[in-house]
Amino acid sequence: MTIRLAVPGDALALLEIYRQYIQTPITFEYELPTLEEFTRRISDALKQYPYLVLEDQGRLLGYTYAHPEREWKAYQWNAELSIYLAPAAVGKGYGRRLYQALLDLLSLQGVRTVYGVVTSPDPASEALQKSLGFRLIGVHKNTGYKAGQWRDVLWFEKSLAPYDADPQPVLPFCQLDQQQVDRVLAAYGHEDPPA
């Protein structure tokens with residue numbers, strides 16, 4: 001079991017994982033992106049944040065990534081998280097492992113607050129957020145229409161670091177020390193994730 005950085009060449013396999021969610025309320029996208037669009041999304045995300053994949057014997061089982069929570073510069077210390085797992089990986093603790101690696105890398109970048117956004121109901125995603133210390137901060141009622149009904153969206157929040165005065169700008173992911181990145185990925189890319 002390996003957790004590694006995604007590369008644009010992973011796009012086809014990751015798109016197949018994402019395909020299973022398109023007809024569900026878990027994502028609010030109505031149509032599966034093209035391979036070119038999905039490849040672009042991976043490349044764009046990696047310019048600023050980690051985009052991680054879980055791989056087992058060459059087969060991709062899931063992915064997680066961060067993206068800006070909002071566009072203005074004053075929000076740069078925040079990130080919104082996304083995670084998707086293949087059916088074979090659900091319920092085995094892999095999501096927690098992936099998410100924790102992502103959180104550790106975001107901490108190294110200087111991100112202070114992360115948000116998990118979950119369409120309700122989604123007991124597995126809600127449990128994942130809570131198990132990692134996220135707290136529910138709000139509900140957007142009837143905020144999206146998907147799969148034949150109006151859906152609520154839950155916002156979860158977690159602080160990663162103190163809110164000191166005069167914070168340093170968030171370091172783009174590509175500028176992190178590679179040895180630190182490798183240590184984080186190795187820590188979660190084995191069968192027994194750290195407690």
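Count residues from 1 along the sequence.
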_If you apply the rule side chain to side chain contact (heavy atoms under 4.5 Å, CB included), what do you find for K47 with C174, and how did you get there?_
CA-CA 7 Å; K47 290 174 185 172; C174 62; over 6 Å; no
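- Atom OG of S131 and atom CD of E126 lie 12.0 Å apart (nearest 0.5 Å).
- Although no hydrogens or angles enter the test, the distance criterion places no donor-acceptor pair under 3.5 Å between the side chain of E80 and the main chain of R70.
- Side chain of T24 to main chain of I26: a donor-acceptor pair is present (N/O by atom type, distance under 3.5 Å, no hydrogens or angles).
- A cation-pi arrangement is absent between R97 and Y188, since the terminal nitrogen or guanidinium carbon is not both under 6.0 Å from the aromatic centre and inside a 45° cone about the axis.
- Between atom CG of residue L185 and atom CG of residue L105 there is a gap of 5.5 Å, rounded to the nearest 0.5 Å.
- With hydrogens and angles disregarded, no donor-acceptor distance shorter than 3.5 Å links the side chain of D104 to the backbone of A101.
- Across Y115 and E69, no two heavy atoms sit closer than the pair CD1-CG, 3.6 Å.
- Around atom CZ of R59, no more than 12 heavy atoms belonging to other residues, nucleotides or ligands sit under 6.0 Å away.
- D152 contributes no side-chain N or O that, together with a main-chain N or O of S120, makes up a donor-acceptor pair within less than 3.5 Å.
- For Q180, the CD atom sits in a packed shell: over 12 heavy atoms of surrounding residues, nucleotides or ligands are nearer than 6.0 Å.
- Here the CD-CG distance, from E55 to L61, works out to 8.5 Å after rounding to the nearest 0.5 Å.
- Of all non-hydrogen atoms in L160 and V111, the two that sit nearest each other are CB-O, 3.6 Å.
- Contact record, I42 with A6: CG2-CB, 4.1 Å, taken as the closest heavy-atom pair.
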_Could you go through V118 and Q129, starting from their C-alpha distance and side-chain angles, then the distance that decides it, and tell me whether this counts as side chain to side chain contact (heavy atoms under 4.5 Å, CB included)?_
CA-CA 9 Å; V118 178; Q129 308 294 326; 4.0 Å; yes
*After noting the C-alpha distance and the side-chain angles of K141 and W150, does the key distance pass the side chain to side chain contact (heavy atoms under 4.5 Å, CB included) rule?*
CA-CA 9 Å; K141 300 294 285 180; W150 289 99; over 6 Å; no
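- Ion pairing between E29 and R41 holds under the 4.0 Å rule for side-chain N and carboxylate O.
- Nearest heavy-atom pair across L102 and T64 is CD2-OG1, 3.3 Å.
- A 4.5 Å side-chain heavy-atom check between Y145 and Y30 finds at least one atom pair inside the cut-off.
- Cluster membership for L60 and V90, using ILVMFWY side-chain heavy atoms within less than 4.5 angstrom, is shared.
- Environment of CD in Q178: crowded, with over 12 heavy atoms of neighbouring residues, nucleotides or ligands closer than 6.0 Å.
- A79 and Y49 make their closest contact through CB-CE2, 4.1 Å (heavy atoms, listed as atom of the first residue, atom of the second, distance).
- In this structure, E37 contributes its side chain and P33 its backbone to no donor-acceptor pair below 3.5 Å.
- Judged purely by atom type and a 3.5 angstrom limit, W77 has no side-chain atom pairing as donor or acceptor with the backbone of P167.
- Taking the six-membered ring for Trp and the full ring otherwise, the centers of Y21 and Y84 sit less than 6.0 Å from each other.
- Linking ILVMFWY residues whenever their side-chain heavy atoms come closer than 4.5 Å, directly or via other members, places L46 and I17 in the same cluster.
- Not a single donor-acceptor pair under 3.5 Å links the side chain of T143 to the backbone N or O of H140.
- Contact detail for I3 and L54: the closest heavy-atom pair is CG1-CD1, 3.7 Å.
- Between the OH atom of Y65 and the CG atom of L52 there is a distance of 12.5 Å, given to the nearest 0.5 Å.
- Taking a cutoff of 4.0 Å between a charged side-chain nitrogen and a carboxylate oxygen, D182 and R4 do not qualify as a salt bridge.
- Each of Y75 and W155 belongs to its own hydrophobic cluster when Ile, Leu, Val, Met, Phe, Trp and Tyr are linked at side-chain heavy-atom distances under 4.5 angstrom.
- Between L32 and L15 the shortest side-chain heavy-atom distance falls below 4.5 Å.
- When hydrophobic clusters are built by joining Ile, Leu, Val, Met, Phe, Trp and Tyr residues whose side-chain heavy atoms come closer than 4.5 Å, directly or via intermediates, L81 is not grouped with V153.
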_Working for side chain to side chain contact (heavy atoms under 4.5 Å, CB included), residues L85 and K92_ = CA-CA 10 Å; L85 299 176; K92 298 182 178 177; over 6 Å; no
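- No continuous path of ILVMFWY side-chain contacts below 4.5 Å connects I83 to F28, so the two sit in separate hydrophobic clusters.
- A donor-acceptor pair under 3.5 Å is absent between the side-chain atoms of K158 and the main chain of K130, judged by distance alone.
- Atoms OG and CZ, on S43 and F38 in that order, are 11.5 Å from each other to the nearest 0.5 Å.
- A salt bridge between R112 and D164 is present, with a side-chain N of the basic residue lying under 4.0 Å from a carboxylate O of the acidic one.
- Q179 CD: 12 or fewer foreign heavy atoms inside a 6.0 Å radius.
- A 4.5 Å side-chain heavy-atom check between Q109 and F173 finds at least one atom pair inside the cut-off.
- Rounding to the nearest 0.5 Å places CD of Q76 at 11.0 Å from CG of L171.
- Side-chain atoms of E31 and I22, non-hydrogen and from C-beta on, never get closer than 4.5 Å to each other.
- Aromatic ring pairs are classed by plane angle as parallel below 30°, tilted from 30° to 60° and perpendicular above 60°; the pair Y63 and Y51 is parallel.
- For E157 (side chain) and I137 (main-chain N/O), no donor-acceptor pair under 3.5 Å exists by modelled atom type.
- K146 places no side-chain N or O within 3.5 Å of a backbone atom of R151 that could act as its donor or acceptor partner.
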